[in-house]
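Keep in mind that this is a model prediction, so the values were computed, not measured. We name chains A, B, ... by the order of the sequence lines, and we start the count at 1 in each one.
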2 protein chains.
Amino acid sequence: MEIVKNVSNCKNCAYRSWAFKKLTSDELKLINEKKVEKFYRKGENIYIEGEPVHSFLYLQNGLVKLFKTEPNHKEHIISIAKPKDFIGLLSIFSNKNHTYSITAIEDSIICFIDLDIIKNFIKTNGNFALDFFEKISNLSDSIIKTRVDINTRQLRGRIAYILLFFAQNIYNAKKFNLPISRKEIADLIDMSTENVIRALSEFRKDGLIQIEGKSIEINDIDRLQKIYVLG
Amino acid sequence: MEIVKNVSNCKNCAYRSWAFKKLTSDELKLINEKKVEKFYRKGENIYIEGEPVHSFLYLQNGLVKLFKTEPNHKEHIISIAKPKDFIGLLSIFSNKNHTYSITAIEDSIICFIDLDIIKNFIKTNGNFALDFFEKISNLSDSIIKTRVDINTRQLRGRIAYILLFFAQNIYNAKKFNLPISRKEIADLIDMSTENVIRALSEFRKDGLIQIEGKSIEINDIDRLQKIYVLG
DNA sequence: TATCATTAATGATATATATCATAATATATA
DNA sequence: TATATATTATGATATATATCATTAATGATA
């Protein structure tokens, strides 16, 4: 990790026009002064389970995973945050310590804003408080929806979901490089690594996708969609 | 459903001392005047997926389930709310329509508060806004945690989870009446009804629990706990 | 009470998934 | 570059779960 020197201006930040829309120019100025931008290389931890909560995190660039390590040492990936996402769960507002870990799965630039500053805005700027709440409350619900979508399906449906997720939600392209390993896909959909590999091979043999290592190209997005919907 | 006539006073409500702690006496008075208490019999719908969001719901008494109906007509239960819980997901603040359905699984009394009133409090009472946010943000995270807990385990671990959930979380007793059918347990843990029944029978044969219809008594809570932890 | 519908229970069988083993390939490191 | 290590790939087998079939028990209703 290294602190980014040539910092960006909050005024031009995409987040500003979303959940930070109702901040006054003075408040925005304060954030702009106090925020810290950090650069993480792929594989670096941003923080781990149990560490105290200090900051509100915003992903400027890159890709990160939120995960928990289970008592049996298995890893379970809760979600993947993409650029312009708030990183984390809403529990940063209710818990003193992080209940999950975050690691960069691509080189990432993360903006750290002291949580007390945000809390103070909620307290003193009613318009911001309501707007922020309306925007951010969507986050955890979409994670719950994803978990339901995945867990009500079996192997092939789950793999289809993951492929569509990266193609449509993250890269907006039919061809992309998988940012995570097959094992991480397994940790994300609660299946074994071998079966993830097998399902991908099957999709390749069926002509649904092309695979070359981490590179995936989707040939037939409609059929993939059907496999996902039917489960 | 019927409107409760002999209404309770918000001043003495358990929720008041939790997420509504920072309301002024005037604000509390307003809620007290505007709130509507409704009684639902076991099995009655409170609302269904797609209906517009109007109210903030608080469960005074009883038990309700939140669920979604999948495209393949399967039901998936997201969570069960117990007395003194806010009912629903935080998406009521971000979405115009409900993204899930709610049904009473026991006779229930639900307190309806117009969502605009809550939103106005968030806007005008900073102390309330922050405190409310800190309290309620915990809700969706606990649902996410539950989904992870369930989905990283297999049949026996999931059944152990459900039994411990009702014994420790809902009824605070070793002996209780299951408020839901075996099929609903299956909808909750993403398993088939037959396997839920089989696992319960196994637990009975192993001397872990006693079963008489809906009545369950836990004999060996430590072993049940172990089965849950180990998965 | 008698009848019907739903839920619970259990066995047999089919299917899905996990685990173990081994090899090939890719990636990291000295 | 050479070597070690992790990832990807595939087959064989074991295990877990779903589905189908049947019966018993329970609850609702006329």
With sequence neighbours left out, what residues match B/Tyr47 under ring pair (Phe, Tyr, Trp, His ring centres under 6.0 Å)?
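Ring pair (Phe, Tyr, Trp, His ring centres under 6.0 Å) check on B/Tyr47 returns B/His98.
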Can you tell me if A/Arg182 touches the phosphate of D/dT7, counting only side-chain N or O atoms and a distance under 4.0 Å to OP1 or OP2?
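A/Arg182 to D/dT7 OP1/OP2: no side-chain N or O under 4.0 Å.
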Atom CZ of A/Arg41 and atom C1' of C/dA28: how far apart are they, to the nearest Å?
15 Å
Treating primed atoms plus P, OP1 and OP2 as sugar-phosphate and everything else as base, which nucleotides of nucleotides 12-30 of chain D get B, S or - for protein heavy atoms under 4.0 Å?
B---SSBBB----------
Taking only residues at least two apart or on different chains, which pairs with a member in [range] satisfy salt bridge (Lys or Arg N to Asp or Glu O under 4.0 Å)?
{"range": "residues 46-58 of chain B", "answer": "B/Glu49-B/Lys68"}
{"range": "residues 220-231 of chain B", "answer": "B/Asp220-B/Arg223"}
{"range": "residues 87-109 of chain A", "answer": "A/Arg41-A/Asp107"}

Check salt bridge (Lys or Arg N to Asp or Glu O under 4.0 Å) between [X] and all other residues, then give those that pass, not counting sequence neighbours.
{"X": "A/Arg204", "answer": "none"}
{"X": "A/Lys145", "answer": "A/Asp149"}
{"X": "B/Lys42", "answer": "none"}

Using five pairs at each end of the helix from C/dT1-D/dA30 to C/dA30-D/dT1 to define an axis, what is the angle between those two axes, to 10°?
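Taking the rotation axis at each end, their angle is 50°.
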Can you tell me which residue pairs pass the ring-ring contact (aromatic ring centres under 6.0 Å, His included) test with a partner in residues 135-166 of chain B, sequence neighbours excluded?
B/Tyr161-B/Tyr228
Can you run down the ring-ring contact (aromatic ring centres under 6.0 Å, His included) pairs that involve residues 175-219 of chain A, sequence neighbours left out, and say none if there aren't any?
A/Tyr171-A/Phe176
Can you pull out the residues from residues 199-207 of chain A that lie within a 4.0 Å heavy-atom distance of DNA chain D?
A/Ser201, A/Arg204
One pair to check against side-chain hydrogen bond (donor to acceptor under 3.5 Å, both in side chains): B/Asn32 and B/Lys35. What are the steps and the verdict?
CA-CA 6 Å; B/Asn32 198 43; B/Lys35 73 157 192 308; 3.0 Å; yes
